[in-house]
Number of protein chains: 2
Amino acid sequence: MTKSSECCNTHNPTPGAVEFVQEKMCPKETLNDLAVTFKILGEPVRIKILHALSIRDLCVCDLSELLEMSHSAISHQLRILRTARMVRFEKNGRRAIYSLNDKHVEIIMQTALAHMLKDGCEIPQGEK
Amino acid sequence: MTKSSECCNTHNPTPGAVEFVQEKMCPKETLNDLAVTFKILGEPVRIKILHALSIRDLCVCDLSELLEMSHSAISHQLRILRTARMVRFEKNGRRAIYSLNDKHVEIIMQTALAHMLKDGCEIPQGEK
DNA sequence: TTAACATATGAACATCTGTTCATATATTAA
DNA sequence: TTAATATATGAACAGATGTTCATATGTTAA
């Protein structure tokens, strides 16, 4: 009797492979959190906001002009970044001066950039 | 005369701030590419596939069982990862054995994980 | 050859998500 | 106070995206 009987689809996985990998995998929650982090970074506007803030603290108005987007759109995105604790802000009069909350995001972006620009854009001719 | 006249919204950016940042920012295309990379990593299923493949090469059937998803759904996601050159595959009989295309993604994931978990976390690493 | 198997893929569908619009809150200037 | 400024946010809309379903392609076994 094969595993086919358990499901509408046929299943003949590589013997032992699934168990082997299962044992060594990070917890599901960790991987989900990781995906959440990347998802937030996976939007051009947000990457640009974070990159800009890594150069200098800026208010909503500055970001709006820099990225040529409405105040509202920027504010909505900043809210997402705030919720994810990637940025924070300080009130200065009627301005909200935004800055990076810590160095993590910056380091992750720099790592990704370095690896993308190294030999990333070319097809690495892996010996097959 | 303020910049308000140029636009429906009012604009009083911090003097010099936008220009200062503009000069130092990475090219727009680079940041967009970066976002594309992160967007692909920003899906739980894809992160799990990549993480699993970092432990061991697997076929579609294995991934299907490991992640408890249909063959079709896995195959669709693998297509996206292939297009992004994050994975490659080798035909073995009627199987398609998938593996990571290079070490970049693995390193980016590890960097993000390390910073998420802060205190030196140990990442289960499959030796090949 | 025929049947079973392994994967790939287009189309339809539902969900998620980012922007716009309108409006609210809060601060400063007149 | 009133007006202008700066930001925040809910609702609605549109576009993007992941899964399912049906089907196609290609491989191996009988």
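Quick note on labels: first sequence line is chain A, next is B, and so on, each numbered from 1. Remember, it's a predicted structure, so these values are computed and weren't measured experimentally.
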May I have the distance from A:His71 (atom NE2) to D:dA4 (atom P), rounded to whole angstrom?
-> 17 Å
A:Lys48 has an atom NZ; how far is it from atom P of C:dG18, in whole Å?
-> 14 Å
Identify, with sequence neighbours excluded, every residue that meets side chain to side chain donor-acceptor pair (under 3.5 Å) alongside B:Ser75.
-> none
Report yes if a side-chain nitrogen or oxygen of A:Asn12 is closer than 4.0 Å to either non-bridging phosphate oxygen (OP1 or OP2) of C:dA6; otherwise report no.
-> yes
Do the non-hydrogen side-chain atoms of B:Val105 and B:Leu100 ever get within less than 4.5 Å of each other?
-> no
Those residues at least two apart in sequence (or on a different chain) that pass side chain to side chain contact (heavy atoms under 4.5 Å, CB included) with A:Arg85 are A:Asn101
Just how large is the angle between the end axes of the helix from C:dT1-D:dA30 to C:dA30-D:dT1, five pairs per end, to 10 degrees?
-> 10°
Would you list the pairs meeting salt bridge (charged side-chain N to carboxylate O under 4.0 Å, His left out) in which at least one residue belongs to residues 41-55 of chain A, sequence neighbours left out?
-> A:Glu43-B:Lys39
May I have all residue pairs that pass salt bridge (charged side-chain N to carboxylate O under 4.0 Å, His left out) and include part of residues 94-113 of chain A, sequence neighbours excluded?
-> A:Lys103-A:Glu106
Residue list, side chain to side chain contact (heavy atoms under 4.5 Å, CB included) with A:Asn92, at least two apart or on another chain = A:Ile97
Please confirm whether the backbone N or O of A:Arg79 pairs with a side-chain atom of A:Thr83, one donor and one acceptor, at under 3.5 Å?
-> yes
Any residue of residues 31-47 of chain A with a heavy atom less than 4.0 Å from an atom of DNA chain D = none
A:Ile107 backbone acceptor or donor facing A:Thr111 side chain under 3.5 Å = yes
Quick one: B:Glu68 CD to D:dT19 P, roughly how many Å, whole number?
-> 14 Å
Are OP1 or OP2 of D:dT20 and a side-chain N or O of B:Ser70 less than 4.0 angstrom apart?
-> yes
Contacts table for residues 50-57 of chain A: side-chain donor-acceptor under 3.5 angstrom, sequence neighbours left out:
from    : atom 1 : to      : atom 2 : distance (Å)
A:His51 : NE2    : B:Cys26 : N      : 2.9
A:Ser54 : OG     : A:His51 : O      : 2.5

Which residues satisfy the side chain to side chain donor-acceptor pair (under 3.5 Å) test with A:Thr30, sequence neighbours excluded?
-> none
Compare all side-chain heavy atoms of A:Thr14 with those of B:Cys59 and state whether any distance is below 4.5 angstrom.
-> yes
Ignoring hydrogens and angles, answer whether the base of C:dT7 and the side-chain atoms of B:Ser72 contain a donor-acceptor pair closer than 3.5 Å.
-> no
When the distance from CE of B:Met69 to C1' of C:dT7 is rounded to whole Å, what number comes out?
-> 15 Å
Heavy-atom contacts under 4.0 Å between residues 74-102 of chain A and DNA chain D, which residues?
-> A:Ser75, A:His76, A:Arg79, A:Arg82, A:Arg94, A:Arg95, A:Ala96, A:Tyr98
